[in-house]
K.L.:
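Here it is, the structure in full.
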Amino acid sequence: MHFELSETQQLLAKTARQFLTNECPIAEVRRIMETPTAHDAALHRKMADQGWAGIAIPEEQGGMGLGMIELAATFEQMGRALVPGAFFATVALAAPLLDDPAHLGPICEGMQLATAALIEADADWDPASWSTAASNGTLTGAKMFVPDAAEAAFILVAARDHGVPGIYRVAKDAPGLTVTALKSLDLTRRLYEVRFDNTPAETIATGGAAEQALKKALRIATLALTAEMAGGMARVLDITVEYAKARKQFDTPIGKFQAVQHMCADMYLWSESTKAAVYYAAYALDKDLPEAASALSVAKVYAADAYREIGNRGIQVHGGMGFTWENDVHLYYRRAKVSETMLGDNVYHRELLARAVVDRL
Amino acid sequence: MDLTLSAEQIAFRDELRQWLAANAPAPITRGGNESLAQRFEKLRGWQRQLHDAGWAGVAWPKAYGGRGASLIEQVIFLEEMARAQAPPMANTLGLGLIGPTIIHFGTEEQKRRFLPKILSAEEIWCQGFSEPNAGSDVASIRSEARLDGDHFIVNGHKVWNSYGWVADWCALVVRTDPAAAKHKGLTYILVDMKSPGVEVRPIRQISGESEFAELYFKDVRVPVANVLGKVNQGWEVALGTLMHERATLGASITILYRRSFDRLVELTRAVRRNGRAVCEDPIVRQKLAQAYTELEVFRLNQMRAVSRVSSTGVPGPEGSILKIFWSEFNQRFQQTAQEILGPYGMLEEGSPHAIDDGAWSYGFLRTRGNTIEAGTSEIQRNIIGHFVLGLPKSY
Ligand SMILES: Cc1cc2nc3c(=O)[nH]c(=O)nc-3n(C[C@H](O)[C@H](O)[C@H](O)COP(=O)(O)OP(=O)(O)OC[C@H]3O[C@@H](n4cnc5c(N)ncnc54)[C@H](O)[C@@H]3O)c2cc1C
């Protein structure tokens, strides 16, 4: 039994960290987030050249064929660097809904971006609540909080044809498709309202196959998101500790004051604990253990509270600096808040856990 | 990252599981008007039974009565004990803290002399570190030992000694060089509690019971051969014990907590509020799910720590996060339990209508000690701040 990354996994993480330090420093994040879609095609292609876009996609479908732990390790580093743009939507959310190499190939090569449109007006992550209608090869309905829809070459949509669930593919330029930008807290991950009005759509999967694909995609996306969160919070901790060592008041580094030190200690506890939860979820998903779903909900619930609280403490330790646009902590804080609701907030995931734990015993 | 068990580990687990199915007694819980001492004797009997069957000291060397397996087997052991709802072993401090310190620092003779009897529960241990004026600042100990030929003469006063009332031996830290700096003049010495001059006085704790005691030492003669490590280098040895305390105590605690959690869930079916069973109340469900989340994250932190210790050999300062986690989790959890159980949860042992014969009211009060014992939460946060994060020492 070994609860640490293997040597090759560590190497993968280290390489990813170095790559992102060079290619996506925080100044670059700030530059990209000021662009209309907060996406940079060149950066995306460079990440794809590393193999990341197909990291957990089988080799015969054009990917690298690695597992969930490698996927988590890579997204952890992307979360740490606060990588902006459509990489997450394409690789973690849309790609797992597909299995046709013709669709996956261009994604793995970094040549095509995609996203998935799932939740609707009431922002409920329970698929039973979704009502976009599919009929005779067209879709009608509205989806909310769709990440990076403006950059996507195609949108994968969960819809029902006379009650039968399906996954449909809508091309960027399809008639009757409207994509409206929302202005949300996270400046690095743009969200959209997406409307379909008799919009032509290609069927990707229906019935049980669609449900399976959706389940798989939601699990992979949740893992990738929590891994990103783990990386982001670790970075906020580092930035904050560094500041606490350097900033002096009363002729003393503020990190010597216990009130400050204990905030940092809590940040460390939450950050390390999140890592344990995320990598266990990765392991459970990789091995397809029966507890995989619960492990993911545990990771999501814990990470959501941890990332927000780490942001809160991080800002507090920075004093007035922490309240400025110039300081980087708020960029992570914004990501933390949006990640908190993405893929199901804590009320949603705790209820899933209650069903698994309270109702089962 | 690989959490699968090897073939031998699976064989170990299966054998243990079978043995526990056949041998584990009913839970030894509070209640039934049994005294602390009567309950303790049951736990001692249970440990002896485990020992006779070769299950005590799973990760201890064979030469001293252990099983010679790895820490991973030790964790499997604890998990199987939990699954079987088996009672814990009696010699908590001997097994978790003091034994491992003897394995690390002891001479061959000391190991042969002390370890087997820790495993068999023939000799129960207590830990004599804290004093009235040396709590968090444990290095400021004043109890002293003076060399007299091949003996030390010990004089002093220790407090808060868990199991002091039943202990046969005490792992004592005393000052042997009053002239040296605070951390330099200490010695770690193993004291026979039956020695003349040792007096044990129970301390009545918040719950009304006396699980800890204070110890008075008056001209107690202790052979120099009982020094663990070197004279005046006791601080190092004591730190070893404290690291074990932080790192390993959690493993058995996880199990106890999981059992309490499952029991609380069971109770939520019977307890009614607002015209329905509380297990259907959405807020209660949220709180239980939150407790489950924290319990799981603690279990995983613990697993990660064990995996790290089994590759590095010694627990490091990261162990402090485990100590903070379990102690503060338990306080939150017992509060949740009180909210769910309502006024019945406040009934104490022996009262009519008390749920689980008062285990929950006791549990609630007992948790206040969790963030104090084994180093307060504040001290653990100081340790993380300074030794893990590299912030300047605050004092
Ligand atoms: C149930 C229980 C069992 C115990 N069992 C044992 C045992 O078996 N053997 C043994 O030797 N001891 C035992 N102890 C003692 C325990 O280790 C001490 O109580 C503990 O270390 C705190 O010391 P103190 O009580 O003197 O409190 P103090 O050290 O006086 O602390 C009082 C308060 O001040 C805070 N404080 C102190 N110093 C600092 C600092 N530097 N920075 C920030 N805050 C600080 C503390 O966190 C605490 O909140 C036990 C205690 C309990 C409650």
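Any value given below was found using the heavy atoms of this structure, including those in side chains, with hydrogens, waters and symmetry copies removed. The chains referred to below are lettered A, B, ... by the order of the sequence lines, with proteins before strands, and numbering in each begins at 1.
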K.L.:
In terms of heavy-atom pairs under 4.5 Å with chain B, which of A/Thr252, A/Leu269, A/Leu237 leads?
P.N.:
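The residue among A/Thr252, A/Leu269, A/Leu237 with the greatest pair count is A/Leu269.
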K.L.:
In terms of relative ring orientation, are A/Phe3 and A/Tyr280 parallel, tilted or perpendicular, with 30° and 60° separating the classes?
P.N.:
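Because their plane-to-plane angle is under 30°, the rings of A/Phe3 and A/Tyr280 count as parallel.
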K.L.:
Please determine if A/Arg235 and A/Asp328 form a salt bridge, counting it only when a charged side-chain N lies under 4.0 Å from a carboxylate O.
P.N.:
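No, no charged N to carboxylate O under 4.0 Å.
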K.L.:
Under 4.5 Å, counting heavy-atom pairs only, tell me which of B/Asp2, B/Ile324, B/Thr4, B/Ile384 racks up the most with chain A.
P.N.:
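Option with the greatest count: B/Asp2.
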K.L.:
Among B/Glu378, B/Glu296, B/Arg299, single out the residue with the greatest number of heavy-atom pairs under 4.5 Å to chain A.
P.N.:
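Of B/Glu378, B/Glu296, B/Arg299, B/Glu378 has the most heavy-atom pairs under 4.5 Å with chain A.
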K.L.:
Which bit of B/Leu288 comes within less than 4.5 Å of chain A, counting heavy atoms only: side chain, backbone, both or neither?
P.N.:
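Only the side chain of B/Leu288 comes within 4.5 Å of chain A.
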K.L.:
So B/Arg67 and B/Glu73, salt bridge (Lys or Arg N to Asp or Glu O under 4.0 Å) or not? Walk me through it.
P.N.:
CA-CA 10 Å; B/Arg67 204 179 170 96; B/Glu73 273 89 352; over 6 Å; no
K.L.:
Mind ranking A/Lys245, A/Lys256, A/Glu272 by heavy-atom pairs under 4.5 Å with chain B and telling me who comes out on top?
P.N.:
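The candidate making the most pairs under 4.5 Å is A/Lys256.
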K.L.:
Can you tell which part of B/Ile72 gets under 4.5 Å to a heavy atom of chain A, answering side chain, backbone, both or neither?
P.N.:
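B/Ile72 touches chain A through side-chain heavy atoms alone.
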K.L.:
Contact part of B/Val388 toward chain A, heavy-atom cut-off under 4.5 Å: side chain, backbone, both or neither?
P.N.:
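Contact with chain A: side chain only.
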K.L.:
For each of B/Ser307, B/Ser377, B/Ser6, tally heavy-atom pairs with chain A at distances under 4.5 Å, and name the one with the top tally.
P.N.:
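Of the options given, most contacts go to B/Ser307.
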K.L.:
Is A/Asp305 close to chain B through its backbone or its side chain, or both, or neither, when contacts mean heavy atoms under 4.5 Å?
P.N.:
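Just the side chain, heavy atoms under 4.5 Å.
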K.L.:
Sort out for me which of B/Ser70, B/Pro282, B/Gly390 touches chain A most, counting heavy-atom pairs under 4.5 Å.
P.N.:
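Top option by heavy-atom pairs under 4.5 Å: B/Gly390.
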K.L.:
Heavy-atom count around A/Glu291 CD within 6.0 Å, excluding the residue itself: above 12?
P.N.:
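Atom CD in A/Glu291 is crowded, with more than 12 foreign heavy atoms closer than 6.0 Å.
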K.L.:
Look at A/Glu309 together with A/Arg313 and state whether they make a salt bridge at an N to O cut-off of under 4.0 Å.
P.N.:
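Salt bridge present between A/Glu309 and A/Arg313.
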K.L.:
Who wins among A/Cys264, A/Gly255, A/Ser273, A/Ser6 for the most heavy-atom pairs under 4.5 Å with chain B?
P.N.:
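Looking at each option in turn, the highest pair count goes to A/Ser273.
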K.L.:
Are any of the side-chain nitrogens in A/Glu4 or B/Arg304 under 4.0 Å away from the carboxylate oxygens of its partner?
P.N.:
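B/Arg304 and A/Glu4: salt-bridged.
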K.L.:
Using the six-membered ring wherever Trp is involved, compare the ring planes of B/Phe261 and B/Phe333 and label them parallel, tilted or perpendicular (cut-offs 30° and 60°).
P.N.:
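Taking B/Phe333 first and then B/Phe261, their aromatic rings sit tilted (interplane angle of 30° to 60°).
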K.L.:
Should the pair B/Arg332-B/Glu294 be classified as a salt bridge under the 4.0 Å nitrogen-to-oxygen rule?
P.N.:
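Answer for the salt bridge query: yes.
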K.L.:
Between A/Val347 and chain B, with a heavy-atom cut-off of 4.5 Å, which part of the residue counts as in contact: side chain, backbone, both or neither?
P.N.:
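Contact with chain B involves both backbone and side-chain atoms of A/Val347.
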